[in-house]
Amino acid sequence: MTATAWTLFALAGCAALGNWWGAARGEREFVYVCKPATLALLVATAVVLHPAHSGVRAWFVAGLVLSLAGDVFLMLPGNQFVAGLASFLLAHVAYVVGFALEQHDPAWLVLVGLAAVIVSVALVGRRIVGQVRGGDDPSLVRPVVAYLVVISAMVVTSWGTAIAFAVVGATLFYVSDATLAWNRFVRPIRYGDLYVMVTYHLGQAGLVLALAANLPGVR
């Protein structure tokens, strides 16, 4: 990455730390400023990169921008959960397309990713969907299932890139959303908001680094 990209990436890290501190201390002002700032700086980082396949960058930038929109929706007062869910679902679709353009060894790596996702859905996803179905708003079942399918596809296709940053980033994103859903629909987790944000930001950072790994001469 260039000096500009590294500077933007470092600033995103500083904003993420501010968000984590705010989440841990319940300082909502820090969250309102630092949460969108983190994604905005990661968007800027991705924009200044020039990977070997420019189409991958375009889709990753779209994924980051949609994630930023999802962050804002989930921060707004009132019940904006469905709008946030839809934004992140579209973000994962963008990442899936980007990963598909970067496929290298799909024959066995994708099968490994698929196996990991099946185990995760069986152990965690099924419980979350069951709680949503029996909860106060069962109409959320279809959106939640659709989201689970798309984010699972995102994780599976990340394995096919054979880029470690892509796999780790996608997996951390998966863990973040699973934690958020468990915290919301199953039972509250102590410091759940903090865990969600740490894994989320590290996941998004991993995806940006995966884009950097696609730079000419890096692979």
Side-chain angles (χ1 to χ4, degrees), residues 1 4-48 60-92 94-95 124 128 131-132 135-137 140 143-144 147-148 151 154 165 168-211:
M1 293 198 296
T4 300
W6 277 120
T7 299
L8 291 168
F9 191 73
L11 290 173
C14 293
L17 288 173
N19 189 173
W20 302 351
W21 185 86
R25 297 291 298 271
E27 299 285 346
R28 302 304 301 173
E29 295 83 1
F30 275 85
V31 175
Y32 290 147
V33 173
C34 295
K35 187 177 181 181
T38 303
L39 262 293
L41 288 163
L42 288 177
V43 169
T45 304
V47 167
V48 301
F60 271 47
V61 168
L64 289 163
V65 170
L66 287 163
S67 296
L68 173 58
D71 283 344
V72 173
F73 278 124
L74 293 180
M75 285 182 357
L76 292 175
N79 187 5
Q80 304 294 331
F81 178 75
V82 173
L85 193 73
S87 296
F88 279 112
L89 185 150
L90 293 174
H92 294 310
Y95 285 135
V124 179
I128 292 170
Q131 290 296 115
V132 174
D136 297 331
D137 191 358
L140 289 175
V144 168
Y147 186 83
L148 179 60
I151 192 174
M154 189 270 291
F165 283 125
V168 173
T171 301
L172 286 172
F173 208 146
Y174 203 63
V175 171
S176 174
D177 280 355
T179 305
L180 185 152
W182 191 276
N183 197 41
R184 181 184 178 95
F185 297 115
V186 181
R187 65 172 179 268
I189 301 171
R190 188 179 184 187
Y191 301 120
D193 290 344
L194 177 60
Y195 296 150
V196 167
M197 294 317 304
V198 171
T199 50
Y200 170 66
H201 285 143
L202 291 178
Q204 293 279 26
L207 297 179
V208 172
L209 291 174
L211 183 62

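For Ala83, the side chain to side chain contact (heavy atoms under 4.5 Å, CB included) partners are Phe73, Gln80, not counting sequence neighbours. Taking Ala94 as the reference, Trp59, Ala62 meet the side chain to side chain contact (heavy atoms under 4.5 Å, CB included) condition, with sequence neighbours excluded.
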Contacts table for residues 26-45: side-chain donor-acceptor under 3.5 angstrom, sequence neighbours left out:
unit_1, atom_1, unit_2, atom_2, d
Thr38, OG1, Ala16, N, 3.1
Thr38, OG1, Cys34, O, 2.7
Thr45, OG1, Phe9, N, 3.4
Thr45, OG1, Leu41, O, 2.8

Show which side-chain atoms of residues 185-211 pair as donor or acceptor with protein atoms under 3.5 Å away, not counting sequence neighbours.
unit_1, atom_1, unit_2, atom_2, d
Thr199, OG1, Tyr195, O, 2.7
Thr199, OG1, Val196, O, 3.2
Tyr200, OH, Asp71, OD1, 3.2
Tyr200, OH, Asp71, OD2, 3.0
Tyr200, OH, Gln204, NE2, 3.4
His201, ND1, Trp20, NE1, 3.0
His201, ND1, Met197, O, 3.4
Gln204, OE1, Tyr95, OH, 2.7
Gln204, NE2, Ser67, OG, 2.9

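In this structure, Asp177 CG and Phe173 CZ are separated by 5.5 Å, a value rounded to the nearest 0.5 Å. Taking CZ of Phe81 as the reference point, atom CG of Leu74 lies at 7.5 Å (rounded to 0.5 Å).
Looking at every heavy atom in both residues, Val61 comes nearest to Ala46 through CG2-CB, 3.8 Å.
Applying the side chain to side chain donor-acceptor pair (under 3.5 Å) test to pairs two or more places apart or on separate chains, those with a residue in residues 82-92 are His92-Tyr147.
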- Please lay out, stage by stage, how Tyr174 and Leu148 fare under the test side chain to side chain contact (heavy atoms under 4.5 Å, CB included). CA-CA 9 Å; Tyr174 203 63; Leu148 179 60; 4.0 Å; yes

